[in-house]
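See structure below.
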Protein chains: 2
Amino acid sequence: MSIRKRTTIQDIAKALNTTISTVSRALQDHPRISVAMREKVKKYAEEHDYQPDFRAASLRKGLANTIGVLVPRIDIHFFARVLRGIDEVASEKNYNVLISQSYDSLSKEINLIKNLTYGKIDGLIASISIETKNGNHFEPLLKKGIPLVLFDKIIESLNVSKVIIDDRQGAYMAVKHLIENGCKRIGHFAGPQYLNIYRYRTQGYIDALKDHGMEIDESIIFQNMLEQQKGYELMDQLHKMENPPDAICSANDFAVIGAIIRARELGIKVPDDIAFTGFANEPMDAIFEPAVSSVEQSPISMGQESARLLIEQMENKNIEYKPRTIVLMPSLVVRKSSLKSG
Amino acid sequence: MSIRKRTTIQDIAKALNTTISTVSRALQDHPRISVAMREKVKKYAEEHDYQPDFRAASLRKGLANTIGVLVPRIDIHFFARVLRGIDEVASEKNYNVLISQSYDSLSKEINLIKNLTYGKIDGLIASISIETKNGNHFEPLLKKGIPLVLFDKIIESLNVSKVIIDDRQGAYMAVKHLIENGCKRIGHFAGPQYLNIYRYRTQGYIDALKDHGMEIDESIIFQNMLEQQKGYELMDQLHKMENPPDAICSANDFAVIGAIIRARELGIKVPDDIAFTGFANEPMDAIFEPAVSSVEQSPISMGQESARLLIEQMENKNIEYKPRTIVLMPSLVVRKSSLKSG
DNA sequence: GAAAATTGCGCAAACCTTTGCATGATTTAA
DNA sequence: TTAAATCATGCAAAGGTTTGCGCAATTTTC
C-alpha cells in the first residue's frame, strides 16, 4: 500500500500548465473561468482525488465551517438526541460538528472553551455543567466575537441566544394531570435550584398546586433527587411517614425508577398507593413496569432550533445581532405510573 | 461588548520588540530561549489571552491534533460509551475528537470519509454502518497514510488495526449458562450475517449447542431480529409453535425486551416458560422486569483500546506499522430473565 | 589567550488556500 | 474604426504558525 503524496491545488496548476488562482476559481465555479478550463480542472482533481486542505482554506477565509457543541456528556440520552438535531441542521448546511464533553466538571468546561477559542469553531452551542454557576468563562469567547447559543441548562444572565423548554409548564402539566387523576397529596423530587431547569420545574409544581387550591408542604419536597439510588433510598423514608404523599412529580426520570423499584420490594403499589410522573421521557420509561409517565422535551427540535439560531447569527456577523430566546413547549406522555385505578 | 481583535504571535512580537520566531519558541519552552524572555512572552500572552491559531499551527506542522470518530449514531448507548472511552484517552493526550455519524447509511458514510480526508483529522476510529459490505471507501484514506482503527462492526478484509470483543465467546457463554440452568431447547435471535459481530454471535450459539451435544434446529433460529418490534411480533409466532423453544439466546437486547413484553401480554412466564439472554447489556436491562441477562461488551475499554492503538500508530507514522487486532473478552451479566426457578 | 562550544535571537521559507487587483485578448457599442 | 466593456487568466499578498539555518555575543576549554 504505497502512500501517495497528497495532491494540492499547486500540483493541479502545474500539471495543467496554469496557475493556482485559476484552479482555485475553477473549483469554486467562479463565473470568470471558461467552461473548458473548469472542466479540465475538475476532471484532473477528480482523477487525483484532490481534497482541499481544510486548514489552509479555513485560515485564509477566517472561517472554520465548524460548529462546536459542549455538553456534560453524550451518553445521556437527552444530549445524544439534541446532538442529533444539531447534526441534522449542521450537515445540511455543510458545517462540521465538533463535540466536547465537560463530564459535568466546571474546570473541564473552562479548559474546553479555552481550547476551542481559536480557529476550531465559528460558533458554539452549549449546555452547562451541573457545577457551573456563572458565565465568566464564556466571556473570552464572546469578546472574540464567536456566537454562542445556550440550550437547556443555561446561564440566564448571559446576553446570548437561548433555546429552552418551558420547564415550569412541563411540571405544571404533570401536577395538573396528577390532580385530575385523584391525587390529593403530591410531593416533589427536585434538582439543584441554581440550575434554571430545576428551579422552573419546582416552580411549576408549586404554581400548579396553588392554582388548584392545594397547600404547599415543604416536608414532601425532596432536594437533589437526580439519581436512581436517591429515589431508591427515599422510598424507605416515604414508607415510614405518617402522612406520605400519594403522588410524586419528579424533576427527572431516574429517581422515579429507583423509587418504584424500592416500592415494589416494599409491597407498595404504583400507581395506586403512590403515583409518579418523571421528566425527560427516557427510553426506559416506556418499557418499565409500570411504564412511567413523563414530560417529553423534544430534544431533537431543541438541537435543530439551536443550530438554526447559531447559524443565523454566524452568517450575519457583520450586522448587529440581537440575542433571541426560543421557548419550546413540552408535552406530557401519560403512562401507567400516574393512572390510579380507583 | 466590544469585539477585541484577536492577539497573534505577531502582536506579541511587536509589543515586546522581538520577532515572531522568538515568541513562538518562548511559548513552546524551547531551550535556546532565555528564561527572562520566556517569562516576558508568557506573561504578555497570558494577559492578552493569546490562543494560538489552531489552523495555522496545524497547517504548518501537518498535524491536526484531532482524532476522527465515525459511528452509526451516537444516541445508541454502546457507541456513546465507546466514545467516552475514546475521549478519555484522547483528551489525556491532548487530542481533539471530531465525531461523525453515518446514521447507518452507506452513502453518508462515504461522504463523511471524503469530508474528513484532508486536514481535519490525523487518524480515524470507525465502526461501519449496517449497510456497509466492503471497505472500498476507506481506501483513499489509507492511501493518504491516515491511520485507521476499526472497532466492533469491522471489515475483516481491511488490513488495519481492529478492536473487537469475542462475540462468539459471548454467545457461547450465554448458551452455556442457559443449558446449565436447565434449558433444553434453545433458540436464537440473529442479526444480519454479513456483519462480523452477528455472524460470530450466531457461531457461538451453534458451537455451544454442539459442544453440549444438543442439536441445531434451524426452525428456531430467527433472522434479522434487531428491533423491539421484531421481538414483540415474533413472540406470537413462538406462542403458536407446537414445540416452542424454552429459551432464546439473542444477538441484541431490544428484541428480547419486545419479546418479553408480548410474553407478558400473552401470559407466558419469563423465565420459567421461556428464558432469555440478550447482548449489549443496555441500561434498561437492569431495570426491566424481569431484569434481562445480557452479554457485557465493555464499551469503554473498547474505546480506550481503539484510541490507544490509533495514537500509537499516529505517533509512529515513519516506522512501518503492523496492524494489530485486540480481542476483548465479554462477560455475562446474569439476571432474572435467564434463571428458571424449576 | 586563542580556538571551540554554547547561548540567544533573527531571517525567511514553508504549509495551502483565497481573493483583490492587474493585464492582455476578445467582443461589443457607437 | 476606435473607445469601451467583457472575458479569461495571472500576480502576489494574506492568513498565523513552525522551524532550519545563520550570526553575533558570550562562555568554556586547554
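We name chains A, B, ... by the order of the sequence lines, and we start the count at 1 in each one.
Within the structure, every side-chain polar atom (N or O) of A:Ser34 is placed at least 4.0 Å from both OP1 and OP2 of D:dC7. The shortest distance between the side-chain N/O atoms of A:Ser24 and the OP1/OP2 oxygens of C:dT17 is not below 4.0 Å. Applying the 4.0 Å criterion to OP1 and OP2 of D:dC11, one finds that A:Thr19 has every side-chain N and O outside that range.
Looking only at atom types and distance, the side chain of A:Asn96 has a donor-acceptor partner in the side chain of B:Asn115 under 3.5 Å away. Inspection of the B:Asp87 and A:Tyr103 side chains reveals an N or O donor paired with an N or O acceptor under 3.5 Å.
One atom, CZ of B:Arg32, and another, P of C:dG10, lie 14 Å apart when rounded to the nearest Å. A:Arg25 has its CZ atom 11 Å from the P atom of D:dT9, to the nearest Å. To the nearest angstrom, C1' of D:dT9 lies 13 Å from CG of A:Asn17. In this structure, B:Lys61 atom NZ and D:dG20 atom P are separated by 13 Å, rounded to whole Å. Taking atom CG of A:Asp53 as the reference point, atom P of C:dC15 lies 11 Å away to the nearest angstrom. In this structure, B:Gln28 places its CD atom 17 Å from P of C:dG8, rounding to the nearest Å. Rounded to whole Å, atom C1' of C:dG8 lies 15 Å from atom CG of B:Leu16. For the pair B:Asp29 CG and D:dT18 C1', the interatomic distance rounds to 15 Å; values are reported in whole Å.
One finds no salt bridge joining B:Glu46 and B:Lys42 here, because no Lys/Arg side-chain nitrogen approaches an Asp/Glu carboxylate oxygen to under 4.0 Å.
In this structure, CG in B:Leu309 is found 11.5 Å from NZ in B:Lys162, a value given to the nearest 0.5 Å.
Two residues, B:Ala56 and B:Ser21, neighbour DNA chain C, and the one matched to the more 5' nucleotide by heavy-atom proximity is B:Ser21.
Counting non-hydrogen atoms under 4.0 angstrom, A:Tyr50 reaches the backbone sugars and phosphates but no base. Within 4.0 Å (heavy atoms only), A:Thr18 reaches sugar-phosphate atoms of the nucleic acid but no base atom.
In this structure, the side chains of B:Ser127 and B:Pro72 come closer than 4.5 Å at one or more pairs of heavy atoms.
Picking from C:dA13, D:dT9, C:dT17 the nucleotide with the shortest atom distance to the side chain of A:Ile9 gives C:dT17.
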